[in-house]
Amino acid sequence: MNRNTVLLLALSSLFIFSCQDQPASDSGQSADREAALSPEDSSLYLARGKELALSTFSAMSSELLAAMQRGGVEEAARYCNLAAYPLVDSLSKVHEADIRRTSLKVRNPKNKPTEAEQQQLLAFQQLFEAGSPMAPVVRPVDANTVAFYAPIQIQPLCLQCHGKMGETLKEADYAVIKELYPEDAAIGYSEGDLRGIWSIRLRKKL
Ligand code: HEC
């Protein structure tokens, strides 16, 4: 593991774990509602969700950095698809989970939010705009499934591909991204901005 990777891992734990856990609020979550989770279940699924989000983020970050060192943004953009990471596959199998990232402004049309995700994105966006802390949440989905959501915030490294055109995002780099993702809407961000969420479906232990 090189120095950059270590730094990134440290940063990633900051961005996923910096906020204190808050109890799930009732506002606007009807789509994901079934029976409420017990406090014990909530902590269990929150812990599993965080672990999965962090492992996935770590794997992606190290591969992303390696690709950027090999061939810059162009090379990295081609390797960026979450679904392309074998680790996500194996984590999903081991934990019987479905791991996704989504956003109010997507780059990859496959990451478009579902209705439940859209509600959660808007709830986090409100907290973000109010300057309130954003903490991961879990919601019951059905008898077998729990949804985990956690905010994803922009770090300096992300700006090379999601930043402001002509400032943090180079036009030549963006041309490559636009070629791969013609409908891209995921630019114009600054450090600390809410970029999107992890959306992880966990299988309930019966
Ligand atoms: C080398 C360019 C590059 C860098 C650096 C980069 N991304 Fe992305 N990002 C992409 C590409 C390409 C996609 C679309 C592929 C996919 O589905 O993962 C994407 C997709 C995403 C998505 C999924 C939602 C969507 O818009 O499709 C999120 C969330 C995201 N990036 C956040 C980040 C964060 C946070 C960082 C910094 C830690 C980051 N990205 C760094 C290129 C990059």
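One-based numbering, in listed order, for ligands and for the atoms of each. Keep in mind the model is a prediction, meaning the values are calculated, not measured.
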Worksheet item: Who passes salt bridge (Lys or Arg N to Asp or Glu O under 4.0 Å) against D173, sequence neighbours left out?
Response: none
With a 4.0 Å heavy-atom cut-off (strictly under), which part of [X] contacts ligand 1: side chain, backbone, both or neither?
X	value
N81	both
R107	both
L180	neither
H162	side chain
N108	both

Contact atoms of ligand 1, heavy-atom distance to [X] under 4.0 Å:
X	answer
K105	26 (O)
L64	1 (C), 4 (C), 5 (C)
I152	29 (C), 35 (C)
A77	1 (C), 12 (C)

Worksheet item: Under the criterion side chain to side chain contact (heavy atoms under 4.5 Å, CB included), which of L180, V73, I177 is the partner of R78?
Response: L180
[Y] backbone acceptor or donor facing [X] side chain under 3.5 Å:
X	Y	result
S132	F128	no
S199	R100	no
Y79	Y85	no

[options]: member with heavy atom nearest to [atom]:
atom	options	answer
atom 22 (C) of ligand 1	E183, R195, K110, M68	R195
atom 28 (C) of ligand 1	R78, E75, R101	R101
atom 36 (C) of ligand 1	C158, P151, P109	C158
atom 4 (C) of ligand 1	C161, P113, P156, A67	C161
atom 17 (O) of ligand 1	L82, I177, L157, N111	N111

Response to the item:
Shortest non-hydrogen pair, E117 vs I197, comes out as O-CD1, 4.0 Å
Worksheet entry | Over-ring placement of R101 relative to F57, 6.0 Å and 45° cut-offs | no
Worksheet item: Can K105 be said to sit on top of Y189's aromatic six-ring, NZ or CZ under 6.0 Å from centre and within 45° of the ring axis?
Response: yes
Worksheet item: Would you say C80 and ligand 1 have an N/O pair spaced under 3.5 Å apart?
Response: yes
Practice prompt. Return yes or no for this condition: an N or O of Q160 is under 3.5 Å from an N or O of ligand 1.
Written response: no
Worksheet item: Excluding sequence neighbours, so at least two apart, what forms side-chain hydrogen bond (donor to acceptor under 3.5 Å, both in side chains) with E129?
Response: Q125
Discussion item. So that I can tick it off, tell me whether R107 and D184 are bridged by a salt bridge, with the cut-off set at under 4.0 angstrom between side-chain N and carboxylate O.
Written reply: yes
Discussion item. Looking only at the side chains, is there a donor atom on one of S92 and D89 sitting less than 3.5 Å from an acceptor on the other?
Written reply: no
Discussion item. Just to check, does Y79 reach to within less than 4.0 Å of ligand 1 when the distance is taken from its heavy atoms?
Written reply: no
